[in-house]
Amino acid sequence: MTETSASFGAAASLAARPGSVPPRPYVFPEVRTVPVGGGRIVAAHLPGQPIAWLSVLLDGGALSDPAGLDGLAKATAGLLDEGTQKRSADDFGTAVESLGGSWSVDTGWETARISLDLPIREAAAGADLLAEAVRTPAFTDVDVERYLSDLVAAKRESFARPGPRAQLALRSALYGADARFGRLTGGDPESVAALNAEAVRAFHATWLRHAGTLLIAGDLDRLDVEALGRTIFGDFPASTASRPPAPAALPSPQRLTIADRPGAVQSTLRIGHPTVTRAEAAQHGIDVVALRLTATILGGTFTSRINHELREVKGYTYGAHAGFDFGRPVGLFSFSAEVRTDATADAVADTLRVIDEFIDGGATSVELEKTRAYLTGATPIGLQTAGAVGSRLVEMVRHGLPEDYVTTEHARLLEVTLDEANAAVRAALRPADLVVAVEGDASVVGAPLEALGL
């Protein structure tokens, strides 16, 4: 190394880092709501955005699955692009790709959502494809049998890996195995194997042949949003479905359940308890924005309390995460991690200890300010794309939130005090009610877990 380059390296290493700046306000794009036929359009205006995101939100989620046919709602939505009355599955996929589009499906407990993002100049053609898929799916015996065969194989492969059985064990412990909400939205290998074309066609006819909500994110000055809505909904009637009643959690759930996986070298941990929905939070004195801050400190980032303890201090796992899902129809606090088999009981004990200590002592002012800076910076960065903006429209519609909720919640992030943040987590997180589900080798982990006295 020459003297000049050495001097340059030393100077570069000693250069002062840029200083931080105070978090800035963020304003969510303008939202327009337009009725069309039996449905409605909720659209976010993104001037100059070259991509349009179109998404159809319909009633007919997993809570509408008939008895014994868990996964039917998810399979039916997944089959919508597997052939229509006009095109085969291959031809339909080619049509989507020819527009430069990306197709996706998301089925929750109450709704199904079919989305397409593509260049804005192709939005009208994209709406035609969405309408074709939703309104005139073929559901031929051959197409459905092929799709379901692949789905069963995928389910079996998924359940052979750690994760799904632990999640199923937690839901079953919280809500009971006989309750639909006590199982998984997509079903399991046995329930999916029971599906057939007749069931798919019946579910579509009952739940998906109605007008719902068309969500749009894009440059609205370049889109005829009402025409897009008419194309997709056509003469479909308005939905008359009412939201299913909120599932009731078991009053006294068993606090420890083990899904046996003989010979497993790791254990999969799921810990949680039900909590309120976004709409119910205020009624229970829970500040959602303040809770977002403390939940992030507890388990939402790599530097969180739980991940630091289990990964950095104890070396049990490569990563651990905890947080709140204020979903529909109920909310859930949950923790997840995969740990060494020999550390299973210690990892559970330490997780519960960290949570207890966090509730008792609360977050610190240093943690709060670091997390505030992180979250306020992440909001505008995370809303750069049409699809990301669209995901907030989904949240707005599903939870009945005001059109400016993202703007107001971001502003609230800037002003939450430490006392408010700690009060929020204490109102929402109940350590004594946490249920522990473990997927692992019961012959090895069973006795140490029982010794915890849960």
Side-chain angles (χ1 to χ4, degrees), residues 57 61-63 73-74 106-113 163-164 166-175 179-186 243-250 253 268-301 304-307 319-337 351 355 358-359 371 375 378-379 382 388 390-401 405-406 409 413 421 424-431 433-437:
L57 189 66
L63 285 178
K74 200 173 186 71
D106 174 47
T107 306
W109 288 105
E110 297 177 325
T111 57
R113 181 165 58 86
Q167 189 67 19
L168 178 60
L170 178 62
R171 300 198 70 87
S172 178
L174 293 175
Y175 292 95
R180 180 64 187 92
F181 206 64
R183 303 189 294 275
L184 302 181
T185 55
R243 279 182 166 172
L250 296 177
T268 301
L269 310 183
R270 297 290 187 268
I271 302 175
H273 67 58
T275 187
V276 296
T277 66
R278 280 196 61 127
E280 298 167 336
Q283 303 168 21
H284 291 76
I286 298 173
D287 184 328
V288 172
V289 179
L291 183 60
R292 185 183 174 200
L293 282 161
T294 39
T296 303
I297 295 168
L298 174 62
T301 64
S304 69
R305 293 268 189 104
I306 287 178
N307 190 69
H321 180 271
F324 289 86
D325 175 13
F326 285 112
R328 290 281 320 169
V330 298
L332 181 71
F333 170 81
S334 64
F335 159 88
S336 62
T351 299
I355 292 173
F358 190 71
I359 294 297
T371 305
L375 292 178
T379 298
S391 69
R392 305 309 292 268
L393 294 181
V394 174
E395 187 178 11
M396 184 185 80
V397 170
R398 280 182 170 162
H399 297 282
L401 301 171
Y405 87 97
V406 178
E409 290 190 356
L413 267 177
V425 75
R426 288 167 182 148
L429 180 50
R430 309 181 304 276
D433 293 339
L434 289 171
V435 167
V436 177

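Predicted model, so just to flag it, every value in this text is computed and none were measured. Along the sequence shown, residues are numbered consecutively beginning with 1.
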Using only atom types and a distance under 3.5 Å, with no angle test, would you say the side chain of [X] pairs donor to acceptor with the backbone of [Y]?
{"X": "Arg113", "Y": "Leu57", "value": "no"}
{"X": "Arg171", "Y": "Arg183", "value": "yes"}
{"X": "Gln283", "Y": "Glu280", "value": "no"}
{"X": "Ser172", "Y": "Ala169", "value": "no"}

> Would you call Arg292 and Glu409 a salt bridge, using N to O less than 4.0 angstrom?
Replying inline: no

Atom pair [atom1] ([X]) and [atom2] ([Y]), whose distance is rounded to the nearest 0.5 Å:
{"X": "Phe335", "Y": "Ile355", "atom1": "CZ", "atom2": "CD1", "value": "7.5 Å"}
{"X": "Thr185", "Y": "Lys74", "atom1": "OG1", "atom2": "NZ", "value": "4.5 Å"}
{"X": "Ser336", "Y": "Gln167", "atom1": "OG", "atom2": "CD", "value": "8.0 Å"}
{"X": "Leu393", "Y": "Arg398", "atom1": "CG", "atom2": "CZ", "value": "12.0 Å"}
{"X": "Glu110", "Y": "Arg328", "atom1": "CD", "atom2": "CZ", "value": "4.0 Å"}
{"X": "Asp325", "Y": "Leu332", "atom1": "CG", "atom2": "CG", "value": "6.5 Å"}

>> Set out, in order, the CA-CA distance, both residues' side-chain angles and the distance that settles side chain to side chain contact (heavy atoms under 4.5 Å, CB included) for Phe181 and Val330, then state yes or no.
In response: CA-CA 10 Å; Phe181 206 64; Val330 298; 3.1 Å; yes

Answer whether the closest heavy-atom distance between the side chains of [X] and [Y] falls below 4.5 Å.
{"X": "Phe324", "Y": "Leu429", "result": "yes"}
{"X": "Phe326", "Y": "Leu291", "result": "yes"}
{"X": "Tyr405", "Y": "His399", "result": "no"}
{"X": "Pro247", "Y": "Arg180", "result": "no"}

Closest approach of [X] and [Y], non-hydrogen atoms and distance?
{"X": "Gly272", "Y": "Leu174", "answer": "O-CD2, 3.9 Å"}
{"X": "Ala320", "Y": "Asn307", "answer": "N-OD1, 2.9 Å"}
{"X": "Val289", "Y": "Asp287", "answer": "N-OD1, 3.1 Å"}
{"X": "Ala421", "Y": "Thr294", "answer": "O-CG2, 3.1 Å"}
{"X": "Arg270", "Y": "Ala166", "answer": "CG-CB, 3.8 Å"}
{"X": "Ala322", "Y": "Phe333", "answer": "CB-CZ, 4.0 Å"}

Contacts of type side chain to side chain contact (heavy atoms under 4.5 Å, CB included), residue [X], not counting sequence neighbours:
{"X": "Asp433", "answer": "His273, Arg430"}
{"X": "Ala249", "answer": "Tyr175, Pro274"}
{"X": "Thr371", "answer": "Leu293, Thr296, Ile297, Leu375"}

> Stepwise, does the side chain to side chain contact (heavy atoms under 4.5 Å, CB included) test hold for Leu170 with Val435?
Replying inline: CA-CA 7 Å; Leu170 178 62; Val435 167; 4.0 Å; yes

